[in-house]
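Both counts, for ligands and for their atoms, begin at 1 and track the order of listing.
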Amino acid sequence: MYGAMMKGYIENNQLTKVVDLFNQIKNPSHINVIVLFNACARLGTKEALNIIRKVSKEMPKNFQLNSRLVNSLLDAFIKCGDCSSAESLFSKTKKSIINYGNLMNGFNKENNPLKTLDLFNQMKMNSIQGNIIIYLCLIKALAQIGDYSICQSFIKHIPNSFLLDNQIQNALIDMWSKSGSIDKAKETFDKISQPDRIGYTAMTIELFRQISEKFLDEITYVCILNACSHSGLVDEAQSIFKNISIKTECIYGAMIDCFSRASFFQQAQQLIDEYERDHLPVLTMYMALLSGARNVNNSSSAQHIYDRMKKVFPEQPDPLTAATTLLNNVYASIGDLEKASNIQKELQKLGAKKKFGLSWTVINRQISQFRAHDQSHPRSNEIYAEVKKISRELLQHGHQYDSSWITRPLNQDETIESVLCGHSEKLAIAWNFLENPNVKRIQVTNNLRVCGDCHRAIKLIATVRKCEIIIRDANRNHHFYTNGQCSCNDYF
Ligand SMILES: [Zn+2]
Ligand SMILES: [Zn+2]
């Protein structure tokens, strides 16, 4: 009877009721456990994860022989964001292609593309043929790493028949664009017999001229506005925006972002007001505005926007945490430490969890991953010595470390310089110079946006060391040339 009721609840998406009911069962059958795991997978919360851990530990040992149960447990771990438990379970079970796909997907979501590549290699070693899901996961992982040579070496393993698939082609265009190879992206694009919207989107500006009137829909407009925004072409963006007959949320968002990046705060605010006349407030619009104020350290605008956000998004810790961090940056940068420390306290109240920075770089086909302040690399001492050397050169050439990009109080053994030098992209760059002091081109991929201090420092490093440096961050590509300029024109 319990089983039927649990199934009924899960069909009606009453997931917490499934959990409640399960707790009343004295000796749950393996079917009950499967239904519970499925409910937890759909909940995907921390509480759900705790339940999964507890139940999987306490259930009879012979349940682990049931492959359906094991599959649902694996899926539940992944959906609740615990890929390492999923991985250890996976290593003990019979490997199916579905499980491979699920786990790869999980690792991609966790921003851990190296694990996805490991799994793919494992499949090859065990002579398991991939399917479309596996290849899509592989391409997405490669896009995250964004290195041309690594992409090339893996793409060889995708059978030709899959390369004709539309989804694969779109993913490939995205991957080649992100690894800085517009030629390859264009080549893939040209192979598509009937190009669709997503294909266009991935190529954005490079292919803008090819877009015919009939394809001009929301996504293409947003791309064009974004491209204008990133190049500081506010007038062009405004005239395009005016002529769009149906303006959606995303289109408004892109235009607001464009105004904000150019410090046209009043115009941006007016547009938000216009939008909110008949829509609910949208967080990203406010964040765009606040980031704009942050970039020029305009504390009164930032405070004003922040106060409004507190009214518009009450009791929503996630958006407010992001906003509070930005506001804190502004006050720190203008030296108002009292205000900054008050905001720090507010941040702690919100229970802020900060994402840590990760960078990847590839040297001689070897991928290295660095966390901020990473000391796990076998040659860590040498890397930090190289970081010091670079830092000395930076200071000699007039660089001043900008403490406003530090958003937490310093520990006793830290300095502004040591904290900023520990950013993962700086470690990745140092590692490149250590491996090859005469390197002429360095490529690094970041999971977060590059900070303002790193951006200024890297411009100088590219000049002083006469080496092109390409950083793909969470937002865009930065191509630092040896003349000290970046392709983003400092719009980031
Ligand atoms: Zn940085
Ligand atoms: Zn840049």
Side-chain angles (χ1 to χ4, degrees), residues 146 177-180 182 204-205 226-233 257-258 260-262 291-292 294-297 325-326 328-330 332-333 354-361 369-374 383-384 386-388 390-391 393-395 399-408 410 414-433 441-465 467-492:
S177 308
K178 285 185 173 150
S179 59
I182 292 301
T204 339
I205 276 302
N226 278 342
C228 291
S229 165
H230 286 293
S231 319
L233 303 167
D257 184 61
C258 186
S260 306
R261 282 169 189 275
S291 308
R294 189 264 165 265
N295 285 344
V296 292
N297 292 327
T325 307
L326 277 177
N328 174 51
N329 281 344
V330 177
S333 70
K354 249 187 104 173
K355 244 175 118 180
F356 54 83
L358 278 176
S359 294
W360 296 276
T361 191
Q369 175 177 302
F370 294 92
R371 266 175 90 131
H373 306 286
D374 204 332
I383 292 174
Y384 277 93
E386 184 67 30
V387 168
K388 269 236 169 83
I390 294 173
S391 178
E393 290 172 20
L394 284 173
L395 293 172
H399 183 71
Q400 289 177 336
Y401 284 102
D402 181 354
S403 62
S404 68
W405 294 95
I406 301 177
T407 52
R408 59 173 173 84
L410 297 188
E414 286 178 330
T415 62
I416 292 168
E417 179 182 343
S418 77
V419 172
L420 291 168
C421 282
H423 284 186
S424 57
E425 55 270 55
K426 289 197 180 101
L427 299 179
I429 289 171
W431 171 232
N432 273 276
F433 282 119
R441 186 185 157 104
I442 291 175
Q443 202 168 340
V444 175
T445 305
N446 268 14
N447 68 330
L448 305 178
R449 277 191 188 198
V450 63
C451 84
D453 184 74
C454 284
H455 198 270
R456 273 203 302 145
I458 296 168
K459 285 203 284 188
L460 209 49
I461 296 171
T463 317
V464 175
R465 296 267 175 128
C467 171
E468 275 181 38
I469 300 174
I470 298 153
I471 308 249
R472 183 161 71 75
D473 71 7
N475 195 36
R476 61 172 303 151
N477 267 319
H478 297 270
H479 198 132
F480 297 90
Y481 299 100
T482 51
N483 66 2
Q485 288 190 336
C486 177
S487 60
C488 76
N489 285 324
D490 299 338
Y491 271 92
F492 65 96

Does the side chain of Asp374 reach to within under 4.5 Å of the side chain of Ser424, using non-hydrogen atoms?
no
Side chains of Ile461 and Lys426, heavy atoms from C-beta outward: is any pair under 4.5 Å?
no
Name of the His423 N, O or S atom nearest the Zn ion (ligand 1)?
ND1
Here the gap from Arg294 atom CZ to Asn329 atom CG, rounded to the nearest 0.5 Å, amounts to 4.5 Å
Is the Zn ion (ligand 1) less than 2.8 Å from at least one N/O/S atom of His455?
no
For Glu386 and Phe433 the tightest heavy-atom approach is OE2-CB, 3.7 Å
min-distance N/O/S atom, His478 vs the Zn ion (ligand 2), resolves to ND1
Counting backbone and side-chain atoms alike, is an N, O or S atom of Cys486 positioned under 2.8 Å from the Zn ion (ligand 2)?
yes
